[in-house]
Amino acid sequence: MSNLQKQTDVILIGAGAMSATLGALLKELAPEWEIKVFEKLASAGEESSNEWNNAGTGHAALCELNYTTEKPDGSIDISKAIKINEQFQISRQFWAYLVNSNLIQSPQDFIMPIPHMSLVQGDKNVAFLKKRFEALSNNPLFQGMEFSDDPDKLAEWIPLIMEGRTSDEPIAATKIDSGTDVNFGALTRMLFDHLQSKGVQVHYKHSVKNIKRSSEGGWQVKVQNIDSGTTEYHTAKFVFIGGGGGSLPLLQKTGIPESKHIGGFPVSGLFMVCKNPEVIAQHHAKVYGKAKVGAPPMSVPHLDTRYIDHKKSLLFGPFAGFSPKFLKTGSNFDLIGSVKPNNLLTMLAAGVKEMSLTKYLIQQVLLSNEKRLEELREFIPTAKLEDWDIVVAGQRVQVIKDTETGGKGTLQFGTEVVSAADGSIAALLGASPGASTAVHVMLEVLEKCFPQHMNEWKPKIKEMIPSYGVHLAQNAELFQEIHNATAQSLGLIKKEPVFN
Ligand SMILES: Cc1cc2nc3c(=O)[nH]c(=O)nc-3n(C[C@H](O)[C@H](O)[C@H](O)COP(=O)(O)OP(=O)(O)OC[C@H]3O[C@@H](n4cnc5c(N)ncnc54)[C@H](O)[C@@H]3O)c2cc1C
């Protein structure tokens, strides 16, 4: 059975952080536009955006060592760190605008202040961290960062990590108190509540099966109602494919030239979750280490204080792994099904290039809990297996494409907006830095797909995001003003958590 529905202005596929953000931006910029959302699961924020499926780090390059690289002359390149920090300031401003306008409430339900730290061991790594600290602390975006290689100071900052440490190896850390823990699941749910209150029709348990050009212009989306089994056809002038790992197969169905020669490489993950309240209480930071040689950037180990379900929690990981699924709730045929004649060579080239990565990920899947405990003990020397459970994290699908610098089948670690030349459809691929930079990435979607509206929308965008179009690293005063104002609006001033 099928039925044809009337045309709408916008269809958002997937109820994750990205569709939520794009919907919320559009509701402010073009409130009269009709928006429909189709999500195959029963509620919003259940895949990668769910609080248990990602690490909840407000990525602002305050602690992630892979955003700063050492150049051949020994100096530190901080350009990527600056870019990511500026992008996170954009998210903070939009979230603060939504709170100030009373469109979402209780910011502490989704964002909490938490120190961000980087921790390294060994002479070479300590020297790198010191140089990195010097390069960053000269920049206005990273003001307030501290460095220490004094074990007594470190014991004050991270008692759980320093207790019982017997190694003589030099150890050092940086710490900055303005870091955040973001519950992207809670934020996504809040944004969908807000969208529904503004008349957006959100259809849960509706799976998008096909997307093709509509005869009236725009796109026709074939949707299966999972409960009734019926098929519906909806048309829209603009479609956003925000299916997370499920975006690539949907993008391929559009047949647009921009969808060709692109593949996806799925990476799964696991976290260790502490269940001993005494251990949880002894730690108060997100502490990022250095990726092991040969390990991909998304497997950097970190020990994180998190706020989930209004409770302070402690998570370690993620341990990366290999699974052929593109979504946690996906199918074992996702990877093979994404290989098409147009991306076969790209995929094969990546397969050859990334053999060692695949081997590494399979080894990670096969790790025993005892082996995982060994890795945890590099952070918490006194850790006991009985204090920790394992939870399965979300799937990331890294983009594979042909690039000038990397050649055929190059694995990408960032996010990528792919859109049709006429701006009528866009998809978000890739996973990193992820939800933290959702507002920046969705503004990129608007710029690519609605260039004709940007002049009209600019004043409203500037009202919501005063730093829009400005490099905050070069405007220390504006950065300070924005950072203080957003901290105030998002309740990030008080240092002590309000939870029990
Ligand atoms: C282990 C891990 C750690 C991470 N850590 C961080 C972090 O610390 N900080 C950070 O900022 N980001 C992090 N990320 C990335 C972040 O989680 C993602 O970038 C973000 O959640 C992506 O949001 P999304 O809306 O694109 O996708 P999702 O949240 O996955 O939402 C996509 C939705 O689309 C639906 N869908 C898919 N296909 C269809 C279809 N055919 N029909 C209907 N619905 C469909 C899915 O069911 C899902 O609900 C991490 C990710 C992982 C996996």
Side-chain angles (χ1 to χ4, degrees), residues 11-23 37-60 63-64 84 87-88 91 116 179-185 187-189 191-192 202-211 221-226 240-251 253 266-271 286 288 298-300 302 304 306 315 317-321 323 326-331 334 391-398 414-415 417 427-442:
I11 286 180
L12 306 175
I13 303 174
M18 296 297 170
S19 290
T21 304
L22 185 59
V37 182
F38 297 104
E39 163 58 53
K40 66 179 187 164
L41 300 178
S43 50
E46 287 301 315
E47 270 286 343
S48 289
S49 303
N50 186 272
E51 48 272 46
W52 290 105
N53 289 346
N54 63 66
T57 303
H59 285 303
C63 57
E64 309 84 345
I84 287 166
Q87 292 177 359
F88 188 60
S91 291
H116 278 195
T180 52
D181 178 61
V182 184
N183 183 329
F184 292 109
L187 175 65
T188 303
R189 292 186 291 272
L191 290 175
F192 273 100
V202 187
H203 302 271
Y204 292 112
K205 295 190 165 179
H206 278 65
S207 181
V208 174
K209 298 292 179 195
N210 205 359
I211 309 172
V221 176
K222 180 180 173 188
V223 184
Q224 187 192 25
N225 179 329
I226 292 173
F240 173 65
I241 306 175
S247 290
L248 178 65
L250 290 173
L251 175 66
K253 288 189 192 298
V267 178
S268 62
L270 288 178
F271 289 114
K286 276 180 180 275
Y288 273 60
M298 77 290 257
S299 69
V300 173
H302 42 101
D304 290 358
R306 303 274 310 271
L315 272 75
F319 293 87
S323 148
F326 279 1
L327 289 164
K328 197 170 160 178
T329 57
S331 138
D334 285 344
V391 292
V392 178
Q395 285 290 108
R396 299 183 211 234
V397 179
Q398 308 297 145
T415 47
V417 174
L428 181 77
L429 305 179
S432 193
S436 301
T437 55
V439 184
H440 162 81
V441 181
M442 290 306 108

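Residues take their numbers from the sequence shown, with the count starting at 1. One-based numbering, in listed order, for ligands and for the atoms of each. Any value given below was found using the heavy atoms of this structure, including those in side chains, with hydrogens, waters and symmetry copies removed.
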- request: For the pair K328 (side chain) and V392 (backbone), establish whether a donor and an acceptor sit closer than 3.5 Å, ignoring hydrogens and angles.
  value: yes

query: Under a 4.0 Å N-O cut-off, is there an ion pair linking E47 with K40?
result: no

message: Show me, by chain and number, every protein residue that has a heavy-atom distance under 4.0 Å to ligand 1.
response: G14, A15, G16, A17, M18, F38, E39, K40, L41, E47, S48, S49, N53, N54, A55, G56, T57, H59, F184, H206, S207, V208, G242, G243, G244, L250, L327, A393, G394, Q395, R396, A431, P433, G434, A435, S436

task: Classify the angle between the aromatic ring planes of Y288 and H59 as parallel (below 30°), tilted (30 to 60°) or perpendicular (above 60°).
output: perpendicular

- prompt: Any side-chain heavy-atom pair from L248 and L429 closer than 4.5 angstrom?
  reply: yes

query: How would you list, by chain and number, every residue that makes a side chain to side chain donor-acceptor pair (under 3.5 Å) with S48, sequence neighbours excluded?
result: none

- request: Using a 4.5 Å cut-off on heavy atoms from C-beta on, say whether the side chain of Y204 contacts that of I226.
  value: no

